[in-house]
Amino acid sequence: MKYCPVNKKCGGCSFLDIPYDEQLKNKREEMRKLFRTKLVEPVMGMKEPYHYRHKVYATFNKDRKTGKIYACMYEENSHRKVPSQMCLIQHALANDILTTLCKLAESMHIDVYNEDNGTGTLRHAYIRISKATNDVLLDIVIGSKGLPSSKNLVNALVKKHPQIKTIILNYNRAHTSMILGKEERVLYGKGYIQDTIEDIKFRISSKSFYQVNPVQTEALYHTALTLAKIKETDTVLDACCGIGTISLLAAKKAKQVIGVEINPQAIFDAKQNAKDNHITNTQFYAKDAAVFIQQMKVKPNVVILDPPRSGMTLPFMHKLVELSPERIVYISCNPYTQVKDIEPLKKAGYQIKKIIPVDMFPFTKNIETVVLLSQHKLDDHIEIEINLDEIDATGAETKATYKKIQNWVQEKYGFHVTNLNIAQVKQKHGIIERENYNKPKSENSRQPGCPEEKVKAIEDALRNFQMI
């Protein structure tokens with residue numbers, strides 16, 4: 001274990017004095033209690049859990065006696081500032097850049113912003129570092145109308161740290177706890193950097209979401225896509241898609257991927273990322289996911305959820321139940337909201353198949369979880385697809401084909417029913433089916449039951465076609 005002089009004061013990492021293996025065991029046990037199941041697998045940890053944060057925020061403080069400026073974090077559960085330029089979880093290069101920025105601010109007489117009276121200039125710094133290239137995006141946040149000696153400051157920063165490829169000036173004069181303000185301008189470079197996951201390049205701008213820990217991000221996304229089992233015929237919905245990281249990785253396997261994200265800047269980056277990587281089977285929409293899903297005309301086979309800490313909304317989850325995707329992979333940075341969100345899915349017949357925690361934030365209480373849900377047991381269910389329109393039918397079956405029933409239900413109720421759903425309802429009402437239709441090949445194979453709302457919709461269709 002390494003020593004930190006502000007351990008227990010700073011809110012950055014509260015588990016620094018706990019052996020890392022023990023942290024992982026504790027987090028797994030906590031998730032077992034939360035999900036009330038032993039399905040929780042061992043936590044995927046890091047080989048080297050220090051200096052993993054490639055996304056760094058800092059505020060600033062000034063010693064009024066010496067004039068020395070410090071990069072700081074806020075003390076846990078307070079607004080008091082604690083020096084953090086030697087932070088053990090922040091990227092070492094970010095620590096060095098913050099130290100340089102403080103020294104330059106001192107020499108150029110750039111005062112620190114005072115949140116109490118709204119005076120001063122230097123308020124926050126936001127740093128992103130590409131794992132692939134070590135390129136740096138630096139966002140300097142000021143609480144005044146302008147930044148004195150901005151050209152000299154930029155030149156000095158780039159000279160000292162040539163890894164800095166772009167510098168952005170952000171204006172935040174509001175009395176708020178938000179780091180970034182709405183207005184910004186590029187002082188140096190293109191205004192973004194790029195990182196790479198697998199063989200796909202991603203554009204990272206100042207206001208787009210991109211994971212903090214790139215090493216564990218690769219493990220997280222690989223795990224999620226492995227569980228999703230995407231086929232080349234699948235349509236994938238990626239809700240809260242950000243800059244398209246998961247969407248573009250999924251697009252390599254899927255027929256098409258639909259990404260939705262409320263942040264317009266993130267969607268701009270996602271579309272540009274698709275273009276830069278010559279990926280053509282993706283569609284991105286800048287909308288609230290809860291609104292977008294209500295308007296969906298396409299039934300996704302796989303849905304991937306990766307929401308903010310607040311989770312998904314109840315209307316979204318209810319509509320997701322109606323769409324009835326085969327597999328749902330829910331990635332969460334807040335398992336407590338995740339547990340709440342999946343309750344409507346469980347009530348509708350979905351089952352949790354796997355829970356895999358990923359330690360995105362070593363030395364903190366936070367944990368990321370990947371949960372796979374499906375409506376049937378993946379190991380023993382055999383899907384058989386038969387075109388019933390092409391086989392001989394008897395009596396009432398001639399009144400309406402399976403396709404007509406599906407279209408009728410889709411038009412009236414807004415959701416899709418499968419051939420198997422229709423066959424189950426027909427059997428319930430004594431409408432003769434072919435003897436071997438959808439019969440399991442082994443005695444211990446199981447077929448999913450038809451949800452009650454679909455039973456009612458299909459029965460309504462059968463009455464419409466005078467079949468019952």
Side-chain angles (χ1 to χ4, degrees), residues 2 12-13 20 43-58 84-100 125-139 157-158 160-168 188-226 238 241-252 265-266 269-270 272-274 276-277 279 306 331 333 357-364 366-368 370:
K2 297 183 180 181
C13 50
Y20 188 52
V43 179
M44 297 178 66
M46 298 187 71
K47 291 182 179 179
E48 176 50 65
Y50 294 99
H51 298 295
Y52 62 83
R53 288 190 66 97
H54 284 233
K55 176 182 180 179
V56 173
Y57 289 109
S84 63
Q85 60 263 41
M86 297 304 293
C87 179
L88 292 175
I89 63 173
Q90 292 178 173
H91 195 292
L93 177 56
N95 288 339
D96 291 343
I97 291 172
L98 289 173
T99 299
T100 299
Y126 165 47
I127 297 173
R128 300 268 3 186
I129 302 176
S130 167
K131 175 179 178 289
T133 63
N134 223 34
D135 289 348
V136 176
L137 177 152
L138 171 61
D139 203 329
L157 283 166
V158 174
K160 177 69 175 178
H161 302 285
Q163 302 97 327
I164 298 176
K165 300 303 179 184
T166 192
I167 299 177
I168 299 168
Y188 172 77
K190 296 179 179 180
Y192 65 89
I193 57 174
Q194 284 189 325
D195 202 3
T196 302
I197 300 178
E198 293 185 3
D199 58 345
I200 299 179
K201 295 180 180 179
F202 295 98
R203 174 188 295 226
I204 308 169
S205 56
S206 62
K207 295 184 179 181
S208 294
F209 174 78
Y210 193 74
Q211 293 281 2
V212 167
N213 184 337
V215 173
Q216 292 296 82
T217 295
E218 293 187 7
L220 178 75
Y221 291 166
H222 177 77
T223 298
L225 293 172
T226 299
D238 181 11
C241 67
I243 62 172
T245 43
I246 298 177
S247 297
L248 298 181
L249 291 167
K252 297 195 295 183
Q265 179 61 51
D269 288 343
Q272 191 62 49
N273 287 332
D276 291 345
N277 289 280
I279 296 174
D306 189 9
I331 304 168
C333 59
V358 180
D359 194 26
M360 297 288 287
F361 316 100
F363 306 113
T364 77
N366 299 314
I367 187 73
E368 198 108 354
V370 186

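Values below: all heavy atoms of this structure, side chains included; hydrogens, waters and symmetry mates excluded. Everything quoted here is computed from the prediction, not taken from an experiment. Starting from 1, each residue takes its place in the sequence as its number.
In this structure, OG1 on Thr223 lies 9.0 Å from CD on Gln216, to the nearest 0.5 angstrom. If you take CE on Met44 and CG on Asp359, they are separated by 10.5 Å, rounding to the nearest 0.5 Å. Between His161 atom NE2 and Leu93 atom CG the span is 7.0 Å, to the nearest 0.5 Å. Considering CD1 of Ile129 and CD1 of Ile193, their distance stands at 8.0 Å, rounded to 0.5 Å. With values rounded to the nearest 0.5 angstrom, Ile200 atom CD1 is found 12.5 Å from Asp195 atom CG. One finds the OG atom of Ser205 at 7.5 Å from the CD1 atom of Ile243 (value rounded to the nearest 0.5 Å).
Atom NE2 of His222 sits in a sparse spot, with 12 or fewer heavy atoms from other residues, nucleotides or ligands closer than 6.0 Å. The neighbour count for Lys207 NZ, taken as heavy atoms of other residues, nucleotides or ligands under 6.0 Å away, is above 12. Other residues, nucleotides and ligands place no more than 12 heavy atoms under 6.0 Å from the NZ atom of Lys201.
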(Q) If you apply the rule side-chain hydrogen bond (donor to acceptor under 3.5 Å, both in side chains), what do you find for Gln163 with Asn134, and how did you get there? (A) CA-CA 7 Å; Gln163 302 97 327; Asn134 223 34; over 6 Å; no
Q.
side-chain hydrogen bond (donor to acceptor under 3.5 Å, both in side chains) for Tyr192 and Asp269? Distances and angles first, verdict last.
A. CA-CA 10 Å; Tyr192 65 89; Asp269 288 343; over 6 Å; no
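No donor-acceptor distance shorter than 3.5 angstrom exists from the side chain of Tyr210 to the backbone of Thr245, with no hydrogens or angles considered. In this structure a side-chain-to-backbone donor-acceptor pair under 3.5 Å is present from Asn273 to Arg203. At least one donor-acceptor pair closer than 3.5 Å links the side chain of His51 to the backbone N or O of Gln90. Proximity of a side-chain donor or acceptor of Thr100 to a complementary backbone N or O of Asp96 within less than 3.5 Å is detected. In this structure, Glu48 contributes its side chain and Tyr50 its backbone to a donor-acceptor pair below 3.5 Å.
Contact of the Pro362 side chain with the Ile89 side chain is not registered, since no non-hydrogen atoms from C-beta on lie closer than 4.5 Å. Contact of the Gln211 side chain with the Tyr221 side chain is registered, since non-hydrogen atoms from C-beta on lie closer than 4.5 Å. For the pair Leu225/Lys252, no side-chain contact is recorded, criterion being any heavy-atom separation below 4.5 Å from C-beta on.
Ser206 and Leu137 make their closest contact through N-CD1, 4.0 Å (heavy atoms, listed as atom of the first residue, atom of the second, distance). Of all heavy-atom pairs spanning Pro214 and Tyr52, the tightest one is CD-O, 3.9 Å. Closest approach of Leu138 and Ala125 over heavy atoms only: CD1-CB, 4.4 Å. Shown here for Ala94 and Val56, the closest heavy-atom pair between the two residues is CB-CG2, 3.8 Å. Here the closest heavy-atom approach between residue Tyr188 and residue Thr166 is recorded as O-OG1, 2.7 Å. Pairing each heavy atom of Ile279 with each of Ala251, the nearest pair is CG2-CB, 3.8 Å.
For the pair Asp135 and Lys190, the salt-bridge criterion is not met [side-chain N within less than 4.0 Å of a carboxylate O].
None of Ile164, Leu157, Val158 except one satisfies the side-chain contact (heavy atoms from CB on, under 4.5 Å) rule with Val136; the exception is Ile164.
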